[in-house]
Peer 1: 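One structure, as structure tokens, below. Some questions next.
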Amino acid sequence: MEFFLQQLVNGITLGGVYALVALGYTMVYGIIQLINFAHGEIYAAGGYMGVILISWLFAQGFPPFVCLGAALVLAMGYCALLAMAVEKLAYQPLRQSSRLSVLLSALGMSIFLQNGLMLTQGVYDRAYPTEMVQGGFELGTVMISYMQCIIVGVTALLLVALNVLVYKTRIGKAMRATAQDKTMSALVGINSSRIISLTFAIGAGLAAAAGIMVGLYYGSVRYDMGFVPGIKAFSAAVLGGIGNITGAMLGGLLIGMIEVFAAGYISSEYKDVFAFIILIAVLYFMPTGIMGENVDDTRV
Amino acid sequence: MATLELSEISVRFGGLQALTDVSFCVREGDIVGLIGPNGAGKTTVFNVITGVYQTSAGQVRYDGTPLRALRPHKILALGVARTFQNIRLFQNMTALENVMVAQHCRTRVGVLGAVLRLPSQKREEERIRQRSLEALEFMDLGEFAGELASNMAYGLQRRLEIARALATEPKTILLDEPAAGLNPAESRDLMHTIGRISELGINILMVEHDMKVVMGICRHIVVLDHGVMIAEGKPEEIQRDPRVIEAYLGNELN
Amino acid sequence: MKRALYLLSVLLLASFVVAGCGKKDEKAADAAKAGIKIGSLGPLTGQYAADGNDIKNGVLAAIEVMNPEMGALGPVTLQAEDDACDPRQAVAAANKLINEKATAVIGAYCSSATIPASEPLIAAKIFMITPASTNEKVTERGMPYMFRTCGRDDDQSKAAVKFMTDQLKAKNVYIVDDKTTYSQGLADNVEKLAGGAGLKVLGHEHVNQGDKDYSAVLTKVKAAKPDVFYVSLQNSASAAPMLIQIARMGIKTHILAQDAVYHPQLMELAKKDAEGVFLTFGYTDKETPSYKKFAAAYKKYGEPGAYSAYSYDSTVAYLKAVKAAGSTDPEKVKAELMKLEFDGASKHIKYKENGDSGSNYVIQVVKDGKFTNYWNPETGELFK
Ligand SMILES: Nc1ncnc2c1ncn2[C@@H]1O[C@H](COP(=O)(O)OP(=O)(O)O)[C@@H](O)[C@H]1O
Ligand SMILES: [Mg+2]
């Protein structure tokens, strides 16, 4: 039981991070049916921006929460701008082209950004000041570190904010409308380019937050850190039903849980295999994912 | 002066000449009917006006502003709204949300304000909600505000499309076969509603097959056949025009 | 407005390139000159980049020291290849070095890259001297031009088990490895030897290479309460998050690691969570003249990593043999290399018939952010 609860806590932590990254994939797919391969690199860029900012702020003697808060806001902003730039330069000009060309462009962007990170930041791991947040507490027999609390807290906050944005505001409605029918949404006065740009920005902001928290949690970042979590988060998005926001959150949590429990009860070496087996199984019985729906392709 | 002016519009789709030199105006206070057999190019005219299709030649002006280079949402912002022949609601949203989304271009608050729930944003949300409810009430849809669009009956969906177009606060509205699929009672209601829209000071351009509807409310009629304008004038003139009878009414009546 | 947006976009993306333009690689400098071309092979990118670059830098330092001595045979140049610790990429890099007429290759890092890369190299009569691959198989395949300057895992695992039983008085151990030829080979050896030494193996788990989340494994370890936690991971970048998470989960036990995690990066990344970690590592006396000479030449590349000195010694050994042979003819150089005996930076170098140069594993501990000699398995005593 103790073991189960401990794994549950670990799974929620990991799953939250996957959920944050998965949202970027799902939102972009929902709105322009593109698998944004460069998303993992945006997450890595967020991790790096975080290490640069936090190291500096912490060295200046600011308290941990100020460092973390400021780094989160600035890195999320930076990555949002970066993702918008990528969209503007690499995807928007191809809006009328075949899906394959945009996909290739995304792949190219991913390689470009990863190599850019390598050139500018070096090939070595870069250390986060992990001493900033240390320790934890025991809840019964379950060990919960403060870092886990922060990850879960920030993730929950961001997920709530996203839900408010998407379901309670005019911008969210515009995003949902654009995702459903770009032509029609333009015809009720929505600037779809702006909304697409915004979608990239929001997804990137969430990924940047995930990048920072992962950096703090594991203590370091590396230029190629976006690849594996990128694939897992993408799987999470597919598992949840690509294009569906609630699905991405669920999918992320699920992949995190599966991984941790497979590692705990079966073996660590098979945890990824297990995550993908579940993915395939779900897709076999529910081809559109857990929350997926069949959105028909209406055209003018 | 909210005048929609089409001059010598031509549209080509590959080898198909969908429109050839179409010119007409929708003036202040007008209710103009656009009629013609299936495939005549009526919907294409709408698509050209609203910026969905580009013209091969010719010019559309609204209040003197050329629309050629403008993207659809800009044209809408100038005050031209439309509905679709085949209903295109946002199926996953409620009736109210469908209407609220149409207020997008009339409102301001940015992302940050929205996420942080700033007071200005809350006030604006509230204002949007009020206006949207008014638009629903106007179309007698008040009680369906919380209904998912996809769950609504066909006739209600048609009315919701019009409510949504009205919510964009247009000066000119383009209705593409609004009576299609409606029963006679619903059609009568619709004619009445179109009259009320006109009374709001909104100019109307409508495509309609139901001749009773067209002849009953339109003050001016434009007839298209194979992309060419074959007649234009008052309803009683059109009814007498031999070319129209041959090309269109003739077909229908026989 | 549109223009400005595009400009901003370009600038943002440019931020990914500009900072990198300043530093140019040395390698293009003296290409196309005659002389001796040495290849280096190791992961220059990816998670093991730090170790691969140590190897490359060790070779560079050695070339700098040896070049003045090479006379008409010189100059010696380096061609550094990246194998990313991937068997296929290692073979491709080996073939490239064959085409580029390298006469010796120093590398690789991962045993799982060294073994496949050695096939085409040795067939082309090119020396391969590994400064880092400790898996036994590297030198047990009867390959005439395969040499090893570092120690062997069978010896390393013996030292590890001896330390656990004799010094730590451990009754049981929990083992984790990350499934590479090196790390799993070592872990399997330890598991085998533990039985004979009366050390109970409470569990042997495998994690994936490059994993960062060890929470599941560590939860098991915590529950098992072992006397020693034997952590066999491919490098310091994998070990650092492990140590951070061990500390965070409040696991209090002895931790024993091995040579691959020996790198200043370990303390950089894990900071105080690395304190007290034991590791098996080849004994190096840092007070000898040859070590000091190496340290001086290496200074500009930063602090030496686990294999910097071995890489330096491998290069020096090869060049000394070439000098003695008066040519790069493989047969002649091999004859000289077998005769060669000298005090290297890492240890006293003398290659045996199979290409090995012997092991001298001791136990080190991380103390005050530094690797410090701790216990000598030969004498069974603590270092002073
Ligand atoms: N996007 C398009 N691509 C090719 N042909 C089109 C397109 N849109 C309309 N057409 C053609 O143009 C002609 C006019 O269509 P339309 O304007 O929809 O007629 P209607 O008067 O029935 O509304 C038809 O022959 C139609 O097939
Ligand atoms: Mg039509």
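When reading the values below, keep in mind they use all heavy atoms of this one structure, side chains included, and skip hydrogens, waters and symmetry mates. Numbers restart at 1 for each chain; the letters A, B, ... are given by sequence-line order, proteins then strands.
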Peer 1: Might you point out which heavy atoms bring C:P241 and A:Y218 nearest each other, and give the distance in Å?
Peer 2: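 The pair with the smallest heavy-atom distance is CB-O, 3.6 Å.
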Peer 1: Are the side chains of A:S268 and C:H206 in touch, meaning some heavy atoms are under 4.5 Å apart?
Peer 2: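 No - every pair of side-chain heavy atoms lies 4.5 Å or more apart.
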Peer 1: Looking at A:Y265, I want to see if its OH is surrounded by more than 12 non-hydrogen atoms of other residues, nucleotides or ligands under 6.0 Å.
Peer 2: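 Result for OH/A:Y265: enclosed.
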Peer 1: Does atom CZ of A:F3 have more than 12 heavy-atom neighbours, drawn from other residues, nucleotides or ligands, at distances under 6.0 Å?
Peer 2: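 Yes - once you tally the heavy atoms of other residues, nucleotides and ligands closer than 6.0 Å, there are more than 12.
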Peer 1: Could you have a look at A:N10, A:V9, A:V214 and say which one has the most heavy-atom pairs with chain C under 4.5 angstrom?
Peer 2: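 The residue among A:N10, A:V9, A:V214 with the greatest pair count is A:N10.
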Peer 1: Top residue by heavy-atom pair count (under 4.5 Å) with chain A, among C:D273, C:I244, C:D213, C:T45?
Peer 2: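 That would be C:D213.
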Peer 1: Just give me the residue among C:Q209, C:K272, C:E268 that pairs up with chain A most often, heavy atom to heavy atom, under 4.5 Å.
Peer 2: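 The candidate making the most pairs under 4.5 Å is C:K272.
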Peer 1: Out of A:V86, A:N115, A:L89, which one racks up the most heavy-atom pairs below 4.5 Å with chain C?
Peer 2: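 Highest number of heavy-atom pairs under 4.5 Å: A:L89.
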Peer 1: Please classify the contact of A:M225 with chain C as side chain, backbone, both or neither, using a heavy-atom distance under 4.5 Å.
Peer 2: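 A:M225 has no heavy atom closer than 4.5 Å to chain C.
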Peer 1: In terms of heavy-atom proximity below 4.5 Å to chain A, should C:D178 be classed as side chain, backbone, both, or neither?
Peer 2: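 For C:D178, no heavy atom lies under 4.5 Å from chain A.
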Peer 1: Where the side chain of A:Y223 meets the backbone of C:G46, is there a donor-acceptor pair that is under 3.5 Å apart?
Peer 2: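 Here the side-chain-to-backbone pair exists.
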Peer 1: For chain C, which of A:A45, A:G135, A:A262, A:S145 has the most heavy-atom pairs under 4.5 Å?
Peer 2: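 Among A:A45, A:G135, A:A262, A:S145, the one with the most close pairs to chain C is A:S145.
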Peer 1: Need one label for A:E138: side chain, backbone, both or neither, based on atoms under 4.5 Å from any heavy atom in chain C.
Peer 2: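 Just its side chain gets close to chain C.
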Peer 1: Got a donor-acceptor contact below 3.5 angstrom from the C:K271 side chain to the A:Y128 backbone?
Peer 2: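 Yes, C:K271 side chain to A:Y128 backbone: donor-acceptor pair under 3.5 Å.
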Peer 1: Might you point out which heavy atoms bring C:Q47 and A:D224 nearest each other, and give the distance in Å?
Peer 2: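 Result for this residue pair: N-OD2, 4.1 Å.
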Peer 1: Is the backbone of A:Y217 close enough, under 3.5 Å, to the side chain of C:R248 for a donor and an acceptor to pair up by distance?
Peer 2: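 Yes.
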Peer 1: What closest approach, in Å, do A:R222 and C:A237 show between heavy atoms, and which atom pair accounts for it?
Peer 2: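 Between these two residues, the closest heavy atoms are NH1-CB, 3.9 Å.
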Peer 1: So A:K271 and C:N208, do their side chains get closer than 4.5 Å, heavy atoms only?
Peer 2: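 Of all side-chain heavy-atom pairs linking A:K271 with C:N208, at least one is under 4.5 Å.
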Peer 1: If you tally heavy-atom pairs under 4.5 Å against chain C, which of A:T130, A:V123, A:D272 wins?
Peer 2: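 Sorted descending by pairs with chain C, the first entry is A:V123.
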Peer 1: With a cut-off of 6.0 Å (strictly less than), are more than 12 heavy atoms of other residues, nucleotides or ligands near CZ of A:R194?
Peer 2: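 Open: at most 12 neighbouring heavy atoms sit under 6.0 Å from CZ of A:R194.
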Peer 1: Is C:L44 close to chain A through its backbone or its side chain, or both, or neither, when contacts mean heavy atoms under 4.5 Å?
Peer 2: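 The answer is the backbone of C:L44.
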Peer 1: With only heavy atoms counted, which part of A:D125 is less than 4.5 Å from chain C, the side chain, the backbone, both or neither?
Peer 2: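 For A:D125, heavy atoms of backbone and side chain both lie under 4.5 Å from chain C.
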Peer 1: Would you mind checking which part of A:Q134 comes under 4.5 Å of any heavy atom in chain C, side chain (CB onward), backbone (N, CA, C, O), both or neither?
Peer 2: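 A:Q134 touches chain C through side-chain heavy atoms alone.
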Peer 1: Which region of C:K212, side chain (C-beta onward) or backbone (N, CA, C, O), has a non-hydrogen atom less than 4.5 Å from a non-hydrogen atom of chain A, or is it both or neither?
Peer 2: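 Looking at C:K212, backbone and side chain both touch chain A.
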Peer 1: Locate the shortest heavy-atom distance separating C:A216 from A:A263; write the atom from each residue and the value.
Peer 2: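 For C:A216 and A:A263, the tightest heavy-atom pair comes out as CB-CB, 3.3 Å.
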Peer 1: What part of A:I144 is in contact with chain C, defined as an atom under 4.5 angstrom from a non-hydrogen atom: side chain, backbone, both or neither?
Peer 2: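 Answer is neither: A:I144 stays 4.5 Å or more from chain C.
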Peer 1: Measure C:A240 against the heavy atoms of chain A and call it side chain, backbone, both or neither at under 4.5 Å.
Peer 2: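 Neither part, no heavy atoms under 4.5 Å.
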Peer 1: Can you establish whether the number of heavy atoms outside A:Y124 located under 6.0 Å from its atom OH is more than 12?
Peer 2: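 Result for OH/A:Y124: enclosed.
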Peer 1: So how far is it from C:S215 OG to A:E259 CD, rounded to the nearest 0.5 Å?
Peer 2: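 One finds 9.0 Å between OG of C:S215 and CD of A:E259.
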Peer 1: Counting only non-hydrogen atoms closer than 4.5 Å, does A:E131 touch chain C with its backbone (N, CA, C, O), its side chain (CB onward), both, or neither?
Peer 2: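 The side chain, not the backbone.
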Peer 1: Given that the side chain runs from C-beta out, which part of A:L14 has a heavy atom under 4.5 Å from chain C: side chain, backbone, both or neither?
Peer 2: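 A:L14 touches chain C through side-chain heavy atoms alone.
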Peer 1: Flag the one option from A:T141, A:V228, A:V260, A:L113 with the top tally of heavy-atom pairs under 4.5 Å to chain C.
Peer 2: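 Between A:T141, A:V228, A:V260, A:L113, the count favours A:L113.
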